[in-house]
Amino acid sequence: MFKTIKGIMLSLFALGLVFALVGCNSNKEDGSKKVVIYTNGDEEATMAMESALKNAGYEGKYVLQSLGTSELGGKLMAEGDQIEANLVTMSSYFLESAQEKHSMFTDLTFETHALEQYTPFYTPILAITGSIFVNTEVIKQKGLTMPTTIKDLTKPEYKGLVSIPNIMDSSTGWLLVQAVISQYGEEEGKSILHDLIANSGPHLESSGSGPIKKVQAGEVAAGFGLRHQVVAAKESGAPIDYIDPIEGNFSLTESIAVVKKDDETTKLAMKMAEVIIKDARKDLLKYYPVALYEGETVSDTHKPTYSMKFEKPLTVELLKQHQQFFNEAK
């Protein structure tokens with residue numbers, strides 16, 4: 001009797017194991033048919049991409065996962081084409097560095113009609129630009145001089161009244177460092193950055209959106225961050241104004257690339273990349289008003305006065321150098 005019961009239990013266990021394995025294989029098979037998308041885009045960018053994919057009939061045919069820039073960048077550099085993702089949207093400098101290390105992306109097979117020439121394996125989905133901004137009410141209350149340069153924010157009168165992004169955590173902080181080094185060189189630039197960090201005190205933010213939030217709340221008088229955010233804040237009626245610093249409005253692009261896996265999923269990922277570029281840009285322009293493709297226009301308000309590019313190509317290695325520069329300036 002005991003042997004019979006034991007035999008039945010073993011049979012049931014074996015049968016359950018078979019069903020479990022079949023289920024796992026089935027899930028694996030279903031998952032392999034879906035395009036896996038990794039993105040460092042914020043909520044607005046993700047919404048625009050998903051809306052375009054849904055309207056094109058791709059709902060349910062992909063899985064999208066949002067990751068921080070540092071986390072996704074680390075995966076790209078460590079995993080190469082062994083990464084789970086089929087499609088990646090990411091800061092362009094990370095894509096270029098990952099491609100140089102792993103040759104992990106395949107060339108795009110569709111025409112982009114971009115305004116500038118990019119390497120064949122990626123094309124931008126959006127661009128962000130840096131600028132100074134102020135709370136006009138706090139400026140008046142504190143009797144402060146309106147800044148026209150980043151250097152102005154290092155004046156003693158701005159002690160504790162400035163908020164800037166930390167380059168160790170935010171790509172927006174890199175726009176600030178590029179502007180300082182380009183205008184003043186590394187020696188004077190390090191001194192200026194030291195004073196700026198000192199004036200920021202507890203308002204050195206880990207998020208690129210942190211400074212504008214502090215300025216809008218009136219916790220500080222001035223900050224440095226993303227230009228499109230402050231333009232939107234001013235247009236909403238908030239006591240906010242923006243100043244394009246003479247040191248320059250530097251920009252970063254976030255781009256889309258297809259991981260080289262040479263299978264049917266890769267072909268589907270390529271089609272989705274084309275949809276995102278051709279159909280999502282209309283919504284992306286509302287949040288990131290920088291023209292990147294033929295036929296796109298933005299209002300004069302969204303055109304920075306001193307649009308500039310850093311003299312060296314932007315790479316992960318250059319970012320590390322500028323992060324070290326930032327830390328040494330503290």
Side-chain angles (χ1 to χ4, degrees), residues 37-56 62 64-69 72 87-95 112-116 118 122-133 165 169-176 205-216 223-238 240-242 244 249-257 272-305 307:
I37 303 174
Y38 280 178
T39 179
N40 73 324
D42 58 23
E43 185 178 357
E44 290 86 358
T46 300
M47 287 174 56
M49 290 189 289
E50 293 211 81
S51 177
L53 291 173
K54 179 180 179 180
N55 292 337
Y62 67 91
L64 187 146
Q65 185 174 353
S66 294
L67 301 169
T69 299
L72 180 51
L87 190 61
V88 177
T89 78
M90 179 58 166
S91 303
S92 302
Y93 61 88
F94 258 121
L95 294 179
T112 65
H113 304 290
L115 294 176
E116 296 185 20
Y118 297 93
Y122 78 73
T123 192
I125 61 169
L126 61 89
I128 57 175
T129 303
S131 183
I132 294 173
F133 39 80
D169 306 301
S170 168
S171 293
T172 308
W174 197 10
L175 300 176
L176 171 66
E205 301 296 317
S206 61
S207 165
S209 300
I212 185 62
K213 292 177 180 178
K214 288 284 183 77
V215 172
Q216 282 187 282
F224 181 95
L226 299 178
R227 194 178 188 278
H228 71 270
Q229 290 183 332
V230 66
V231 171
K234 180 178 181 179
E235 290 178 345
S236 72
I240 302 294
D241 204 355
Y242 55 92
D244 290 329
N249 301 100
F250 286 78
S251 298
L252 290 171
T253 59
E254 293 182 7
S255 296
I256 194 165
M272 290 186 183
E274 184 173 7
V275 165
I276 289 172
I277 293 304
K278 293 186 175 180
D279 298 343
R281 283 292 299 161
K282 182 178 179 181
D283 287 337
L284 287 168
L285 271 173
K286 297 177 183 177
Y287 301 107
Y288 314 94
V290 178
L292 297 173
Y293 294 93
E294 294 175 6
E296 294 182 344
T297 58
V298 297
S299 66
D300 290 340
T301 304
H302 289 294
K303 295 177 182 178
T305 307
S307 181

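Here the options are Asp244, Thr129, Thr305, the test is side-chain hydrogen bond (donor to acceptor under 3.5 Å, both in side chains), and the partner is Asn249; only Asp244 passes.
Interatomic distance, CZ of Arg227 versus CZ of Phe250, reported as 14.5 Å (0.5 Å rounding). Rounding to the nearest 0.5 angstrom, the gap separating the OH atom in Tyr293 from the CG atom in Leu115 is 9.0 Å. Rounding to the nearest 0.5 Å gives a distance of 5.5 Å between OH of Tyr118 and CG of Leu292. A distance of 9.0 Å separates CD1 in Ile276 from CD in Glu50, rounded to the nearest 0.5 Å. Note that CG of Leu87 and CE of Met272 are 8.0 Å apart. Values are rounded to the nearest 0.5 Å. Atom CD1 of Ile37 and atom CE of Met49 lie 7.0 Å apart (nearest 0.5 Å).
Legend: residues meeting side-chain hydrogen bond (donor to acceptor under 3.5 Å, both in side chains) with Gln216, ordered by chain and number and at least two apart, are absent. A search for side chain to side chain contact (heavy atoms under 4.5 Å, CB included) contacts involving Asp169 returns Asn166, Ser206, not counting sequence neighbours. Here Gln65 pairs with nothing under the side-chain hydrogen bond (donor to acceptor under 3.5 Å, both in side chains) rule; sequence neighbours left out. Applying the side chain to side chain contact (heavy atoms under 4.5 Å, CB included) criterion to Thr297, with sequence neighbours excluded, gives no partner residue.
In terms of heavy-atom proximity, Pro124 sits nearest to Thr253 at CB-CB, 4.1 Å. In terms of heavy-atom proximity, Ala280 sits nearest to Ala48 at CB-O, 3.6 Å. When all heavy atoms of Gly225 and Phe133 are compared, the closest pair comes out as N-CE2, 3.1 Å. Contact detail for Asp283 and Ser51: the closest heavy-atom pair is OD2-OG, 4.3 Å. Nearest heavy-atom pair across Ala56 and Val275 is CB-CG1, 3.8 Å.
Using a 4.5 Å heavy-atom cutoff, the side chains of His228 and Ile128 are in contact. Within the 4.5 Å cutoff, no side-chain heavy atoms of Leu126 are placed close to those of Val290. Side-chain contact check for Phe224 versus Leu175: some heavy-atom pair is nearer than 4.5 Å. Annotation: side chain of Ile212 is not in contact with side chain of Leu226 (no heavy-atom distance under 4.5 Å). Contact check for Leu72 versus Phe94: no side-chain heavy atoms found under the 4.5 Å cut-off. Annotation: side chain of Ile256 is in contact with side chain of Thr123 (closest heavy-atom distance under 4.5 Å).
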Can you give the donor-acceptor pairs under 3.5 Å from side chains of residues 38-45 to other protein atoms, not counting sequence neighbours?
{"unit_1": "Tyr38", "atom_1": "OH", "unit_2": "Glu84", "atom_2": "OE1", "d": "2.9"}
{"unit_1": "Thr39", "atom_1": "OG1", "unit_2": "Gly41", "atom_2": "N", "d": "2.9"}
{"unit_1": "Thr39", "atom_1": "OG1", "unit_2": "Thr89", "atom_2": "OG1", "d": "2.4"}
{"unit_1": "Asn40", "atom_1": "ND2", "unit_2": "Thr69", "atom_2": "OG1", "d": "3.0"}
{"unit_1": "Asn40", "atom_1": "ND2", "unit_2": "Ser91", "atom_2": "OG", "d": "3.3"}
{"unit_1": "Asp42", "atom_1": "OD1", "unit_2": "Glu44", "atom_2": "N", "d": "3.4"}
{"unit_1": "Asp42", "atom_1": "OD1", "unit_2": "Ala45", "atom_2": "N", "d": "3.2"}
{"unit_1": "Asp42", "atom_1": "OD1", "unit_2": "Tyr288", "atom_2": "OH", "d": "2.2"}
{"unit_1": "Asp42", "atom_1": "OD2", "unit_2": "Tyr288", "atom_2": "OH", "d": "2.8"}

Table please: side-chain donor-acceptor pairs of residues 229-237 below 3.5 Å, with sequence neighbours left out.
{"unit_1": "Gln229", "atom_1": "NE2", "unit_2": "Ser209", "atom_2": "OG", "d": "2.9"}
{"unit_1": "Lys234", "atom_1": "NZ", "unit_2": "Asp241", "atom_2": "OD1", "d": "3.0"}
{"unit_1": "Ser236", "atom_1": "OG", "unit_2": "Ala233", "atom_2": "O", "d": "2.6"}

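Judged purely by atom type and a 3.5 angstrom limit, Arg281 uses its side chain to pair as donor or acceptor with the backbone of Ile125.
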